[in-house]
Amino acid sequence: MKPFEIVQDPIEVQKYADYVLHEGAGAVTVFSGHVREWTNGVRTLSLAYEAYGPMAEKKLAEIGREIEMKWPGTRVAIAHRIGQLEISDIAVVIAISSPHRKNAYEANEYAIERIKQIVPIWKKEIWENGEVWVGNQHKKPLSEESIK
């Protein structure tokens with residue numbers, strides 16, 4: 001396991017939590033992002049993620065360095081899955097340990113926002129009535145009512 005990796009197989013959350021745990025850690029936060037079925041009233045059937053692995057892993061490691069500089073004493077591991085994901089599958093896991101819980105929570109939230117900002121991962125949303133590649137992960141699909 002690498003601390004910052006793009007994977008194609010299902011993510012095993014515990015191995016990332018175990019990786020960041022150390023004797024100085026008073027807290028470990030683990031965030032797992034899952035494929036949800038409904039977004040703004042539109043039913044998602046599945047998601048497909050693509051990335052150029054070496055570049056995406058480099059950017060994940062950059063986020064890890066940012067966190068370790070901003071919150072000294074933290075240890076970070078991040079994995080993002082690519083390929084076809086079904087409802088409830090884990091797309092991303094972020095594990096962060098810190099001497100104190102507040103820093104671990106803050107750093108974890110920071111990590112997911114930075115992933116959306118700088119990591120080149122593309123997502124295709126596959127719905128009952130179509131599909132679309134989403135470049136901006138903050139953008140949400142339109143509901144049936146808003147399209148009419």
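This one's a predicted model, so the numbers in the text were calculated from it and none came from an experiment.
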Practice task
Taking the side chain as every heavy atom from C-beta outward, state whether Glu57 and His80 have any atom pair closer than 4.5 Å.
Solution key: no

Problem - Heavy atoms of other groups near His100 NE2, more than 12 under 6.0 Å - result: no

Practice task
Taking the side chain as every heavy atom from C-beta outward, state whether Phe31 and Val92 have any atom pair closer than 4.5 Å.
Solution key: yes

Exercise for the section: Kindly indicate whether the side chain of Ile78, heavy atoms from C-beta on, has any atom under 4.5 Å from the side chain of Tyr16. Expected result: no

Exercise for the section: Take atom CD of Gln84 as the centre, draw a 6.0 Å sphere, and report whether it contains more than 12 heavy atoms from other residues, nucleotides or ligands. Expected result: yes

Handout entry: Residue pairs involving residues 85-97 (criterion salt bridge (charged side-chain N to carboxylate O under 4.0 Å, His left out); sequence neighbours excluded)
Key = Arg81-Asp89

Exercise for the section: Take atom CD of Gln8 as the centre, draw a 6.0 Å sphere, and report whether it contains more than 12 heavy atoms from other residues, nucleotides or ligands. Expected result: no

Fill in the blank from the handout: Here the gap from Ser97 atom OG to Asn108 atom CG, rounded to the nearest 0.5 Å, amounts to 11.0 Å

Exercise for the section: Might you point out which heavy atoms bring Pro72 and Pro99 nearest each other, and give the distance in Å? Expected result: O-CD, 4.2 Å

Practice task
Determine whether Val30 and Leu21 fall in the same hydrophobic cluster, where Ile, Leu, Val, Met, Phe, Trp and Tyr are linked whenever their side-chain heavy atoms lie under 4.5 Å apart.
Solution key: yes

Handout entry: Crowding at CD, Glu109 (>12 non-hydrogen neighbours, <6.0 Å)
Key = no

Practice task
Show your working on side chain to side chain contact (heavy atoms under 4.5 Å, CB included) between Glu106 and Lys70 and close with a plain yes or no.
Solution key: CA-CA 10 Å; Glu106 290 175 354; Lys70 194 171 174 81; over 6 Å; no

Practice task
Using a strict cut-off of less than 4.0 Å between a Lys/Arg side-chain nitrogen and an Asp/Glu carboxylate oxygen, indicate whether Lys116 and Glu113 qualify as a salt bridge.
Solution key: no

Problem - pair Trp133-Glu125: side-chain heavy atoms closer than 4.5 Å - result: no

Problem - Spacing of Glu12 atom CD and Ile90 atom CD1 [to the nearest 0.5 Å] - result: 10.0 Å

Practice task
Before giving the answer on side chain to side chain contact (heavy atoms under 4.5 Å, CB included), spell out for Val7 and Ile82 the whole-Å C-alpha distance, their side-chain angles and the decisive distance to 0.1 Å.
Solution key: CA-CA 6 Å; Val7 299; Ile82 59 172; over 6 Å; no

Handout entry: Co-membership, hydrophobic cluster, residues Leu85 and Ile6, 4.5 Å side-chain
Key = yes

Problem - Residue pairs fulfilling salt bridge (charged side-chain N to carboxylate O under 4.0 Å, His left out) with at least one residue in residues 15-26, sequence neighbours excluded - result: none

Exercise for the section: Evaluate side chain to side chain contact (heavy atoms under 4.5 Å, CB included) for Val20 paired with Val28, printing each intermediate quantity in order. Expected result: CA-CA 8 Å; Val20 300; Val28 174; 3.9 Å; yes

Completion exercise
To the nearest 0.5 Å, atom CD of Glu37 lies from atom OG of Ser88 at 8.0 Å

Handout entry: Thr44 side-chain N/O to Ser46 backbone N/O, donor-acceptor pair under 3.5 Å
Key = no

Completion exercise
Heavy atoms of Ala104 and Ala27 approach each other most closely as CB-CB, 4.2 Å

Problem - side chain to side chain contact (heavy atoms under 4.5 Å, CB included) between Phe4 and Ile63, worked out - result: CA-CA 9 Å; Phe4 305 101; Ile63 294 168; over 6 Å; no

Fill in the blank from the handout: Closest heavy-atom pair, Glu5 versus Lys2, reported as atoms and distance to 0.1 Å, is OE1-N, 3.4 Å

Handout entry: Heavy-atom side-chain proximity of Ile112 to Ile94 below 4.5 angstrom
Key = yes

Fill in the blank from the handout: Across all chains, not counting sequence neighbours, the ring-ring contact (aromatic ring centres under 6.0 Å, His included) partners of Tyr110 are Trp71

Exercise for the section: Is it possible for you to say whether Leu60 and Val93 belong to one hydrophobic cluster, with membership spreading through side-chain heavy-atom contacts below 4.5 Å? Expected result: no

Problem - pair Glu128-Leu45: side-chain heavy atoms closer than 4.5 Å - result: yes

Practice task
Say whether Val134 and Trp127 are linked into one hydrophobic cluster, either directly or through other cluster members, by side-chain heavy-atom distances under 4.5 angstrom.
Solution key: yes

Exercise for the section: Using modelled atom types only, decide if a donor and an acceptor are shared between the side chain of His22 and the backbone of Gly24 within a distance under 3.5 Å. Expected result: yes

Practice task
Go through the steps for Ser98 and Arg101 under the test side chain to side chain donor-acceptor pair (under 3.5 Å), then give the verdict.
Solution key: CA-CA 7 Å; Ser98 171; Arg101 71 176 179 273; over 6 Å; no

Problem - Beyond-backbone contact of Met69 with Ile67, side-chain heavy atoms, under 4.5 angstrom - result: no

Exercise for the section: Could you check if a side-chain atom of Val76 sits within less than 4.5 angstrom of a side-chain atom of Glu68, using non-hydrogen atoms only? Expected result: yes

Handout entry: Rounded distance [0.5 Å steps], CD in Gln117 versus CZ in Arg114
Key = 5.0 Å

Handout entry: Path from Ile115 to Tyr49 over hydrophobic side-chain contacts below 4.5 Å
Key = yes

Exercise for the section: Calculate, to the nearest 0.5 Å, the distance between atoms CD1 and CZ belonging to Ile126 and Arg43 respectively. Expected result: 13.0 Å

Problem - Heavy-atom neighbours of Met1 CE exceed 12 at 6.0 Å - result: yes

